[in-house]
Amino acid sequence: MVNKLNHWLDSIHPPIWVDFLRIAVGLFIVYKGAIFTINFESFTENIASVGWIFIAAHLGQVIIFVHLVCGIILILGAYTRLMSFLNIPILAGAVIFNYKMMLTSDNYMELPMAIIILALLILVFITGSGKFSLDERQRRADQLKAH
């Protein structure tokens with residue numbers, strides 16, 4: 001089943017803007033990971049404010065790690081669907097978290113940004129890595145080996 005889905009998704013031939021989209025999403029995710037790293041105390045306090053006091057620091061570290069590593073790998077275009085998939089639950093959580101925070105704070109831009117990045121991650125997951133990526137380079141190398 002997974003192979004059929006992956007084959008169907010690979011059969012979609014994305015236009016060049018998919019590469020730019022993948023790179024932009026990757027850059028933004030790395031940027032957010034860096035911001036979270038710089039403001040780690042504030043970041044973990046925000047996580048703890050929703051009741052996750054005991055796991056806030058660990059969850060914060062996982063989020064930062066996934067953002068930094070997956071963002072860089074997304075920029076390169078390697079394992080694009082997997083990297084997108086790993087970030088989708090984090091961004092879904094960010095949408096829920098920022099919705100709750102929006103009701104009590106003055107920071108209104110985080111929610112729309114989380115929604116936009118979540119939608120773009122889902123789009124990158126569906127369309128794949130694009131023509132200028134390590135995934136495409138590997139796919140071409142595999143095709144040459146097969147012939």
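Quick note: residue numbers are just sequence positions, from 1.
When all heavy atoms of A78 and I73 are compared, the closest pair comes out as O-CG2, 2.8 Å. V95 and L118 make their closest contact through CG2-CD2, 4.0 Å (heavy atoms, listed as atom of the first residue, atom of the second, distance). Residues V25 and L121 come closest through the heavy atom pair CG1-CD2, 3.8 Å. Considering all non-hydrogen atoms of both residues, N98 and A114 come closest at ND2-CB, 4.0 Å.
One distance of note links OG of S129 with OH of Y79; it measures 12.0 Å at 0.5 Å rounding. For the atom pair L82 CG and N87 CG, the distance stands at 10.0 Å (nearest 0.5 Å). Taking CD1 of I35 as the start and NE2 of H67 as the end, the distance is 11.5 Å to the nearest 0.5 Å. Atom CZ of R140 is separated from atom NZ of K131 by 9.0 Å, given to the nearest 0.5 angstrom. In this structure, CD1 on I29 lies 7.0 Å from OG on S84, to the nearest 0.5 angstrom. Taking CD1 of I116 as the start and CG of L91 as the end, the distance is 11.5 Å to the nearest 0.5 Å.
F36 and F43 have parallel rings, their planes meeting at less than 30° on a 0 to 90° scale where 60° marks the start of perpendicular.
I96 and I117 fall into different hydrophobic clusters, where Ile, Leu, Val, Met, Phe, Trp and Tyr side chains are chained together by heavy-atom contacts under 4.5 Å.
At a threshold of 4.5 Å between non-hydrogen side-chain atoms, the residues M83 and I75 do not count as touching. Taking the side chain as every heavy atom from C-beta outward, V62 and H58 never approach each other to under 4.5 Å. Annotation: side chain of L134 is not in contact with side chain of Q138 (no heavy-atom distance under 4.5 Å). Counting only heavy atoms from C-beta outward, the side chains of L68 and T37 approach each other to under 4.5 Å.
Shown here is F40, whose CZ atom has more than 12 heavy atoms of other residues, nucleotides or ligands within 6.0 Å. For F97, the CZ atom counts as densely surrounded, since its 6.0 Å shell holds more than 12 non-hydrogen atoms of other residues, nucleotides or ligands.
For F28, the ring-ring contact (aromatic ring centres under 6.0 Å, His included) criterion is met by no residue, not counting sequence neighbours.
Using a cutoff of 4.0 Å between basic side-chain nitrogens and carboxylate oxygens, R22 and D19 are scored as salt-bridged.
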